Undergrad: 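Attaching a single structure in structure tokens format; questions to follow.
Note that the structure is a prediction, hence the values are computed from the model and not measured. Just so we're on the same page: letters track the sequence lines, and every chain starts at 1.
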Protein chains: 2
Amino acid sequence: MKTRSKTQFAVLGLLSWQPMSGYDIKKMITMGLSHFWAESYGQLYPTLEKLVTDGLATKSSESTGKRKRHVFSITEPGRQRFLEWLAGPTDQPRIRNEFQLKFFLASELPLAHGLSLLEDYRTQQQEIAETYARSEQILAAALETDDAVEEISQVLGLTSRQQMLFFLISLRHGVLAVEARLAWCEESISALKKERKVKENAGD
Amino acid sequence: MKTRSKTQFAVLGLLSWQPMSGYDIKKMITMGLSHFWAESYGQLYPTLEKLVTDGLATKSSESTGKRKRHVFSITEPGRQRFLEWLAGPTDQPRIRNEFQLKFFLASELPLAHGLSLLEDYRTQQQEIAETYARSEQILAAALETDDAVEEISQVLGLTSRQQMLFFLISLRHGVLAVEARLAWCEESISALKKERKVKENAGD
DNA sequence: TGATAGATATATCTATTTGATATATCTTAC
DNA sequence: GTAAGATATATCAAATAGATATATCTATCA
């Protein structure tokens with residue numbers, strides 16, 4: 001109860017779906033959750049060990065050929081802990097957005113700096129938007145026809161229709177966010193261009 | 001060049017406006033940049049010392065009465081380093097959004113869990129939206145009348161009109177983002193309610 | 001056949017960052 | 001003058017990121 005780490009809950013939550021190794025968990029997060037969550041190995045492996053010592057998960061060592069494989073399963077207390085967290089209060093994410101920091105700190109420099117930053121940012125966000133759009137299309141189509149897309153369900157372990165629905169809704173969060181950022185780019189570029197004109201006229 | 005820390009650039013950027021103490025910097029970030037940046041003392045003080053040993057800033061110890069005060073100023077190499085960073089590549093922020101994690105991990109639980117999470121989130125975001133709206137109004141009014149609002153300029157050290165414009169634009173980023181999140185709440189709540197109906201009918 | 005390039009899987013280490021807390025000084029109201 | 005609370009400065013343990021190390025597996029082609 002003392003630890004403030006969210007990693008353990010991310011891990012417990014994924015283990016509540018199916019037993020997995022650290023590598024599996026990392027892959028699942030990277031492939032499917034990356035638009036809202038990240039974990040590093042450096043955090044993952046110690047957390048898995050801690051869950052075992054706390055009785056929230058169990059570790060079993062399989063061996064296929066020479067490669068050893070440590071698969072972790074959630075225990076009943078682990079499931080309990082996961083549900084408690086889910087029902088408890090949710091912290092605001094801490095944000096450190098390098099682009100916004102740059103833009104803000106460019107406010108004393110010539111306007112061209114700000115405009116250049118905005119245009120780069122817009123390009124970056126457009127690319128993200130396209131990536132999202134592709135994923136969204138595939139998923140929405142799969143959900144429409146009640147058809148499990150092999151690739152998706154394999155990598156992400158999405159089995160039920162409801163799970164796919166939640167995944168799609170999660171993705172929509174990213175889609176709407178990136179759309180908002182693009183809209184912001186447009187209005188900000190306009191605002192700076194307008195300001196530039198004001199300055200030019202004042203300079204006459 | 002080896003360090004990947006962004007903290008030093010945040011600090012250099014603020015020092016490029018005016019000399020400040022660690023406490024001043026922390027206050028300025030907390031008051032004005034919190035919608036896109038955060039720094040902790042634990043990072044701030046070591047960073048300030050490092051900037052001094054690297055020749056990017058200088059430290060002067062003033063004393064008003066008994067309280068000692070360490071004021072840091074940017075040097076020319078420091079200004080150079082800041083500008084290099086500004087012109088260089090910008091990393092995507094890493095996101096760990098506890099709410100979205102919860103929502104996604106609730107996909108195997110009864111729909112009521114997801115709906116409850118969404119409704120709490122909506123309330124939270126509505127409050128944030130109101131806070132932003134207030135700040136935005138004050139700032140926009142100040143900019144309209146070319147009138148520097150005391151409070152703002154004092155705490156944030158916003159002196160020029162251009163600086164206030166950039167601050168307002170930064171804030172707009174937050175405003176549009178929170179609006180997008182609220183829109184997402186609405187469509188997601190609808191989607192889950194629709195799904196609930198589908199299930200009810202299937203259960204007949 | 002066996003050498004090897006690259007992918008897969010597991011793990012650790014250091015640097016960075018957070019969040020909580022410690023300590024002293026200043027200000028104000030009583 | 002003194003106690004409560006605000007201001008200012010700083011440190012430390014826990015959490016996290018990012019880079020890297022190491023070994024195993026797979027496919028391919030010389």
Undergrad: Please evaluate the base of D:dT16 for a donor-acceptor partner in the side chain of B:Arg96 within a cut-off of under 3.5 Å?
TA: no
Undergrad: Please check if the distance between the ring centroids of B:Phe104 and A:Trp17 is under 6.0 Å.
TA: yes
Undergrad: Salt bridge or not between B:Arg81 and B:Asp54? Use side-chain N to carboxylate O under 4.0 Å.
TA: no
Undergrad: So does A:Ser21 get a side-chain nitrogen or oxygen closer than 4.0 Å to the phosphate oxygens (OP1/OP2) of C:dT10?
TA: yes
Undergrad: Between atom CE in A:Met31 and atom C1' in C:dT8, what is the gap in whole Å?
TA: 13 Å
Undergrad: Whether B:Arg94 contacts D:dG18 is assessed here as follows: a side-chain N or O lying under 4.0 Å from the phosphate OP1 or OP2. Is that the case?
TA: yes
Undergrad: Taking the minimum atom-to-atom distance to the side chain of B:Arg69, which one of D:dT9, C:dT10, D:dG18 wins?
TA: D:dT9
Undergrad: Where along residues 39-57 of chain B does a heavy atom come under 4.0 Å from DNA chain D, residue by residue in number order?
TA: B:Tyr41, B:Gly42, B:Tyr45
Undergrad: Quick one: A:Tyr23 OH to D:dT24 P, roughly how many Å, whole number?
TA: 16 Å
Undergrad: Quick one: is A:Thr7 getting a side-chain N or O under 4.0 Å of the D:dT16 phosphate, OP1 or OP2?
TA: yes
Undergrad: Is any side-chain N or O of A:Lys6 closer than 4.0 Å to OP1 or OP2 of D:dA15?
TA: no
Undergrad: Send over the distance from B:Gln92 CD to D:dG18 P, rounded to a whole Å.
TA: 12 Å
Undergrad: Does the pair B:Asp91/B:Arg4 count as a salt bridge with the N-to-O cut at 4.0 Å?
TA: no
Undergrad: Do A:Phe9 and A:Phe82 pass the ring pair (Phe, Tyr, Trp, His ring centres under 6.0 Å) test, and can you show the C-alpha distance, the side-chain angles, and the key distance before you say yes or no?
TA: CA-CA 6 Å; A:Phe9 300 115; A:Phe82 166 62; 8.3 Å; no
Undergrad: May I have the distance from B:Ile29 (atom CD1) to C:dT18 (atom C1'), rounded to whole angstrom?
TA: 14 Å
Undergrad: Tell me: CH2 of B:Trp37 to P of C:dT17, nearest whole Å?
TA: 8 Å
Undergrad: Counting only side-chain N and O atoms of A:His70, is one of them less than 4.0 Å from OP1 or OP2 of C:dA11?
TA: yes
Undergrad: What I want to find out is whether A:Arg69 reaches A:Asp24 closely enough, with some N-O distance under 4.0 Å, to be called a salt bridge.
TA: yes
Undergrad: Whether B:Asp120 and B:Lys102 form a salt bridge (side-chain N of Lys/Arg under 4.0 Å from carboxylate O of Asp/Glu) is what I want to check.
TA: no
Undergrad: Pick base, sugar-phosphate or nothing for A:Lys26, based on heavy-atom distances below 4.0 Å to the nucleic acid.
TA: nothing
Undergrad: Name all residues meeting the side chain to side chain contact (heavy atoms under 4.5 Å, CB included) criterion together with B:Lys26; count only those two or more places apart in sequence or in a different chain, and write none if there are none.
TA: B:Thr30, B:Tyr41, B:Leu44
